[in-house]
Visitor: 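My questions will all concern the structure given below.
The structure displayed is predicted, hence computed values, not measured ones.
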Amino acid sequence: MTLEPKDALTQYHFAERLKLDIMMIAHQYLTIPSLKKEEKAGAKRVLINITEALAADSRAAAAFTGCDEFNKACDVLDEVMNLAESNQFGLASEKAGEAMIPITTAAAAAWEVLHSHGLL
């Protein structure tokens, strides 16, 4: 599939926004163990909900752009939520970092198109 500049811009935008959000949650999962006992359950629930929203955004990006890399990232984010549910926050953080790989691939493909048309 040839990516047109307009579609590349949309794909690039989705990817860059998701990359920033995924970096944020990866860091936040690491903070949970340092919280007070009474704060941990709420923080865990909030981060899982945010991760769930990011997975939905990633699926929407895949549907909108046709780029399967977003679906791959969503699958990894599903694994992140499972790890967090079992209180494996360090592993959840690492796994969130793995979601960056397909997202970065999507961004790079879009960037190439934009660059080749002199738009970046």
Side-chain angles (χ1 to χ4, degrees):
M1 175 176 112
T2 303
L3 199 56
E4 296 297 321
K6 179 183 173 194
D7 299 324
L9 183 61
T10 302
Q11 183 169 307
Y12 187 77
H13 171 74
F14 275 123
E16 288 300 314
R17 187 177 55 84
L18 283 165
K19 279 183 2 184
L20 290 172
D21 291 342
I22 291 169
M23 282 189 280
M24 184 268 310
I25 63 161
H27 173 72
Q28 293 303 315
Y29 275 115
L30 291 176
T31 66
I32 292 177
S34 67
L35 297 174
K36 295 176 186 172
K37 183 178 179 182
E38 61 273 8
E39 297 172 331
K40 287 181 182 181
K44 172 182 159 179
R45 181 57 31 217
V46 167
L47 278 176
I48 290 172
N49 287 341
I50 292 170
T51 306
E52 189 173 38
L54 290 177
D57 285 351
S58 194
R59 285 257 190 254
F64 192 82
T65 65
C67 179
D68 193 48
E69 297 301 318
F70 291 113
N71 283 326
K72 291 176 185 176
C74 184
D75 292 342
V76 175
L77 292 171
D78 288 340
E79 292 178 49
V80 170
M81 288 182 278
N82 289 334
L83 289 166
E85 285 287 355
S86 62
N87 297 322
Q88 297 178 68
F89 303 117
L91 291 174
S93 176
E94 288 177 31
K95 187 58 77 172
E98 289 178 28
M100 298 292 287
I101 296 167
I103 296 293
T104 301
T105 301
W111 187 90
E112 282 295 323
V113 171
L114 296 170
H115 181 69
S116 72
H117 284 86
L119 298 170
L120 287 179

Visitor: Does some side-chain heavy atom of Lys72 sit less than 4.5 Å from a side-chain heavy atom of Thr105?
Guide: no
Visitor: Output the distance between atom CZ (Arg45) and atom CD (Glu52), rounded to the nearest 0.5 Å.
Guide: 8.0 Å
Visitor: For the pair Phe14 and Phe70, name the ring-plane relationship: parallel under 30°, tilted 30 to 60°, perpendicular over 60°.
Guide: perpendicular
Visitor: Please give me the minimum heavy-atom distance between Pro102 and Ala99, naming the atom from each residue.
Guide: CD-O, 3.3 Å
Visitor: Show the nearest heavy-atom pair for residues Ala43 and Leu35, with the distance to one decimal.
Guide: CB-CD1, 3.4 Å
Visitor: Would Gln28 and Ile50 satisfy side chain to side chain contact (heavy atoms under 4.5 Å, CB included), going step by step from the backbone distance to the final call?
Guide: CA-CA 11 Å; Gln28 293 303 315; Ile50 292 170; over 6 Å; no
Visitor: With heavy-atom distances below 4.5 Å as the criterion, would you say the side chains of His13 and Thr10 are in contact?
Guide: no
Visitor: Establish whether Tyr12 and Phe64 are linked, either directly or via other cluster members, by ILVMFWY side-chain heavy-atom contacts under 4.5 Å.
Guide: no
Visitor: Please report the interatomic distance NZ(Lys19) to CD1(Ile22), rounded to the nearest 0.5 Å.
Guide: 10.0 Å
Visitor: Do the non-hydrogen side-chain atoms of Trp111 and Leu119 ever get within less than 4.5 Å of each other?
Guide: no
Visitor: With a 4.5 Å cut-off on side-chain heavy-atom distances among I, L, V, M, F, W and Y, is there a chain of contacts connecting Met100 to Met81?
Guide: yes
Visitor: Please report the shortest heavy-atom distance between Tyr29 and Thr51, naming the atom on each side.
Guide: OH-OG1, 2.8 Å
Visitor: Give, for atom NE2 of His27 and atom CE of Met23, the distance between the pair rounded to the nearest 0.5 Å.
Guide: 12.5 Å
Visitor: What distance separates Leu9 CG from Thr65 OG1, expressed to the nearest 0.5 Å?
Guide: 12.5 Å
Visitor: Spell out, as yes or no, whether a donor-acceptor pair under 3.5 Å connects the side chain of Ser58 to the backbone of Leu54.
Guide: no
Visitor: Leu77 versus Ile25: any side-chain heavy-atom pair under 4.5 Å?
Guide: yes
Visitor: Could you pull out the closest heavy-atom pair between Ile103 and Ala15, with the gap in Å?
Guide: CG2-O, 3.2 Å
Visitor: Out of curiosity, does Leu18 fall in the hydrophobic cluster containing Ile101 (side-chain heavy atoms, cut-off under 4.5 Å, transitive links)?
Guide: no
Visitor: Is a side-chain donor or acceptor of Ser93 paired with a backbone partner of Phe89 at a separation under 3.5 angstrom?
Guide: no
Visitor: Do Leu30 and Glu94 make a side-chain contact, defined as non-hydrogen atoms from C-beta onward lying under 4.5 Å apart?
Guide: no
Visitor: If hydrophobic residues (ILVMFWY) are linked whenever their side-chain heavy atoms come closer than 4.5 Å, directly or via other members, who joins Leu91 in its cluster?
Guide: Leu83
Visitor: Find out if a path of hydrophobic residues (ILVMFWY) with successive side-chain heavy-atom gaps under 4.5 Å connects Leu20 to Val76.
Guide: no
Visitor: How long is the gap from CD on Glu98 to CD on Glu79, to the nearest 0.5 Å?
Guide: 7.5 Å
Visitor: What heavy-atom pair brings Leu3 and Ala110 nearest, and what distance separates the two atoms?
Guide: CD2-CA, 3.9 Å
Visitor: Is the closest basic N to carboxylate O distance between Glu39 and Lys44 below 4.0 Å?
Guide: no
Visitor: State the OG-CG distance between Ser116 and Leu114, to the nearest 0.5 angstrom.
Guide: 7.5 Å
Visitor: Could you list the residues that satisfy ring-ring contact (aromatic ring centres under 6.0 Å, His included) with His117, not counting sequence neighbours?
Guide: none
Visitor: Main chain of Ala106, side chain of Gln11: is a donor-acceptor contact present, judged purely on distance under 3.5 Å?
Guide: yes
